[in-house]
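Everything below concerns the one structure shown next.
The first residue in the sequence is number 1, and the count goes up from there.
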Amino acid sequence: NKRYFVNFLKDLNFYYTPQNISFNSSLVDSDNYTVQRDLYGGIVTDEENIDLDRSFSSDINIVDNLSLKYSINMKNNLNDYFSDNSSMKISDFFDLSYSPGLKKSYNQQLSFTYTPEYLKWLGPRFTYVPTYNWVRDAVSGESSTADISSDNKFSVSFTFSFTQFIEQFYESGKNTSGNSSRSTGRRRSSTSTKNTSSSKTFIINQPHFKTILKFLHEIGQRFSSININYSYYTTNKYNNISTDINPDYKFKLGLVDRPIEGSLFTSSDGIIISSSNTFNQELKFSTSIQLTQNLTLSNVEYRVSLSANNQSDSGYNETYTQSYFPLGASGDQGLPLFGWSINLRGLEKYAFIGKWFKSFTINHSYNGEKTTVSLEDVIQKIDYKRNFTPFIGLKMKTNNFPLDINLTYNNILTISNENDQIKREISDQINLKFDYTKNTGFRIPIFFLRDLDLDNEINLEVTLGFEDSQELFS
């Protein structure tokens, strides 16, 4: 609505100057003189290098929640530059577009982060970090080559709070001040409530809808935030390309996967160029639920990812992974399903358990996935994993003895489908751990001074394990 838009513009702050600026420059003259023994040929090496290192970085906050970070690192060799009696001005040191002598390395990075405040119930965050790197390989005439890479990381995350979303339309009234508060306190509370209300979209006061919102608000308090994360990463690498090639910003920012159109080397010296183009994208949902005071459903997570690699020597391959619960001999009769963890604590309140144990907890956990590997768009293998780690676990602390007992039973299944063959690996594991801890100490009397107290802790751990594994082929 209009009020919401006006408040957004009123709270918007622009910053016209960088938060910080840093520049470093160094000129290093190194002279290495080496004489080998006559036994090894008596070779004399006299090598001199004059290197110019420059770096620049700056942080810029355009608005309160939009930040940019920019950095450059470059290195040049000035041996030939000074041998030609050339000279540098002071201003040349600060000119980052000026590259004297022989360019040896160049690194450029931009970091972009945006976290809008006006959708707090959704908690959005956007991040984009492109990095460009250039390194010279050889310094021998027209056959000089370089390796370049463009590494780009883009991610979006949302932290959806159902309770905060309901509070955009509903006021619980918990912040209302009592009658016993001082008048100044009431005025402060009234001002705070007014400011809070002005940040809401609108308040529903209709009694029937308000009752429904109150019920949803109470239910939402049992849920933690729902986390939604998406990431997209790309890396483009080219080795042994011509040093004369200077990619534009489309390649440096990851918008294209080739530095230039056409040939990457103009010489006919038989230079072998290798390249690798990879990308990975992933979407993940996760949350947890407090079912009761002692029963928690956590690590509820569903994930799907796709990664691909196109190399000049091995071709295009692709890997697709998703959360899955495999069923059947080959696993393909299952269904996409999230992972989970269940934790039930407080069982010591029951008399037959509390008689022996100070605390008693039961836990259970599952995660599984399906992985499909393809080469040149032809499926090579399909793998399934089903992990109950643990299928059931017991954590106990005894009453009259400082002993912790941890008992777990794990069930792990791995299914591999490759070349019309099914391989099933099944593992059953039982682990029992005893942890004994005793705090003791003794006192040493010292004449005319305070006695010396020495603390001592005794810790003894015993772990027993059993595993039954088998492999089945069909």
Side-chain angles (χ1 to χ4, degrees), residues 218-219 221-225 227 286-303 323 325-326 337-369 385-414 424-471:
E218 293 175 352
I219 293 297
Q221 291 177 340
R222 294 183 178 272
F223 290 81
S224 70
S225 300
N227 300 308
S286 62
T287 188
S288 62
I289 307 172
Q290 188 72 35
L291 298 174
T292 65
Q293 185 177 0
N294 295 323
L295 180 60
T296 305
L297 177 62
S298 60
N299 297 327
V300 180
E301 180 180 293
Y302 183 83
R303 184 177 67 92
S323 299
F325 191 92
L337 188 65
F338 52 84
W340 65 78
S341 293
I342 299 175
N343 189 70
L344 177 60
R345 62 183 183 274
L347 296 179
E348 66 278 0
K349 66 182 180 180
Y350 296 102
F352 64 95
I353 296 179
K355 180 180 179 180
W356 302 97
F357 300 102
K358 184 187 303 183
S359 67
F360 196 100
T361 302
I362 299 178
N363 57 83
H364 164 79
S365 179
Y366 166 76
N367 70 83
E369 66 180 23
K385 292 182 180 180
R386 189 191 69 195
N387 300 327
F388 291 103
T389 51
F391 187 84
I392 186 170
L394 305 177
K395 293 183 179 180
M396 301 157 281
K397 288 186 176 182
T398 58
N399 266 332
N400 303 318
F401 200 65
L403 180 66
D404 294 349
I405 305 174
N406 190 359
L407 174 64
T408 59
Y409 165 62
N410 302 327
N411 177 262
I412 301 173
L413 171 65
T414 303
R424 294 172 59 93
E425 298 180 61
I426 306 172
S427 176
D428 293 305
Q429 304 169 356
I430 299 177
N431 298 296
L432 179 60
K433 179 180 178 181
F434 297 95
D435 189 349
Y436 172 82
T437 303
K438 181 69 173 179
N439 293 318
T440 61
F442 56 92
R443 175 177 297 179
I444 300 177
I446 301 178
F447 295 104
F448 306 110
L449 295 174
R450 180 182 297 177
D451 293 347
L452 179 63
D453 293 325
L454 297 179
D455 296 330
N456 184 36
E457 181 179 278
I458 300 174
N459 183 263
L460 177 63
E461 292 185 3
V462 177
T463 302
L464 305 175
F466 169 80
E467 181 177 3
D468 180 20
S469 302
Q470 54 180 324
E471 293 184 357

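Residues that satisfy the salt bridge (charged side-chain N to carboxylate O under 4.0 Å, His left out) test with Glu467, not counting sequence neighbours, are absent from this structure. With sequence neighbours excluded, the residues satisfying side chain to side chain contact (heavy atoms under 4.5 Å, CB included) with Ile219 are Phe215, Phe223. Under the rule for a side chain to side chain contact (heavy atoms under 4.5 Å, CB included), the partners of Asp435 that lie at least two apart in sequence or sit in another chain are Asp404, Thr437, Asn459, Glu461. Considering only residues two or more places apart in sequence or on other chains, Arg424 meets the salt bridge (charged side-chain N to carboxylate O under 4.0 Å, His left out) condition with none of them. Taking Asn410 as the reference, Gln429 meet the side-chain hydrogen bond (donor to acceptor under 3.5 Å, both in side chains) condition, with sequence neighbours excluded. Considering only residues two or more places apart in sequence or on other chains, Tyr436 meets the ring pair (Phe, Tyr, Trp, His ring centres under 6.0 Å) condition with Phe401. Annotation: side-chain hydrogen bond (donor to acceptor under 3.5 Å, both in side chains) contacts of Asn294 (sequence neighbours excluded): none. The side-chain hydrogen bond (donor to acceptor under 3.5 Å, both in side chains) test applied to Trp356 returns no partner, not counting sequence neighbours. Taking the ring pair (Phe, Tyr, Trp, His ring centres under 6.0 Å) definition, one finds that Phe360 meets it with Phe357, sequence neighbours left out. Scored by the side chain to side chain contact (heavy atoms under 4.5 Å, CB included) test, Gln290 finds Thr296, Arg345 as partners (sequence neighbours excluded). For Thr292, the side chain to side chain contact (heavy atoms under 4.5 Å, CB included) test picks out Leu295, with sequence neighbours left out.
Asp428 places none of its side-chain heavy atoms less than 4.5 Å from the side chain of Phe466. Using a 4.5 Å heavy-atom threshold, the side chains of Tyr302 and Ser323 count as touching. Side-chain contact check for Val462 versus Leu432: every heavy-atom pair is 4.5 Å or farther apart. With a 4.5 Å cut-off on side-chain heavy atoms, Ile412 and Ile426 do not count as touching.
Heavy-atom minimum distance, Thr398 versus Ile405: CG2-CD1, 4.3 Å. The shortest non-hydrogen separation linking Glu348 to Ser359 is OE1-CA, 3.5 Å.
Atom CG of Leu407 sits about 5.5 Å away from atom CE of Met396, to the nearest 0.5 Å. Atom OG1 of Thr287 sits about 7.0 Å away from atom CG of Asn227, to the nearest 0.5 Å. Annotation: the span from Ser427 atom OG to Asn411 atom CG amounts to 8.0 Å, rounded to 0.5 Å. Residue Leu344 holds its CG atom at 5.5 Å from CD1 of Ile362, rounded to the nearest 0.5 Å. Once rounded to the nearest 0.5 Å, the distance linking CG of Asn406 with NZ of Lys397 reads 11.5 Å. Between atom CG of residue Leu413 and atom CZ of residue Arg386 there is a gap of 4.5 Å, rounded to the nearest 0.5 Å.
The neighbour count for Asn456 CG, taken as heavy atoms of other residues, nucleotides or ligands under 6.0 Å away, is above 12. Taking a 6.0 Å sphere around CD of Gln293, one finds it holds 12 or fewer heavy atoms contributed by other residues, nucleotides or ligands.
Looking only at distances, no side-chain donor or acceptor of Ser288 sits under 3.5 Å from a matching main-chain atom of Ser224. Side chain of Asn363 to main chain of Pro390: no donor-acceptor pair is present (N/O by atom type, distance under 3.5 Å, no hydrogens or angles).
Ring orientation note: the planes of Tyr366 and Trp340 are tilted relative to one another, at an angle of 30° to 60°.
Across Asn299, Leu297, Ile392, Leu291, a single residue satisfies side chain to side chain contact (heavy atoms under 4.5 Å, CB included) together with Ile342, and that is Leu297.
Applying the salt bridge (charged side-chain N to carboxylate O under 4.0 Å, His left out) rule to pairs touching residues 358-369 yields Arg303-Glu369, sequence neighbours excluded.
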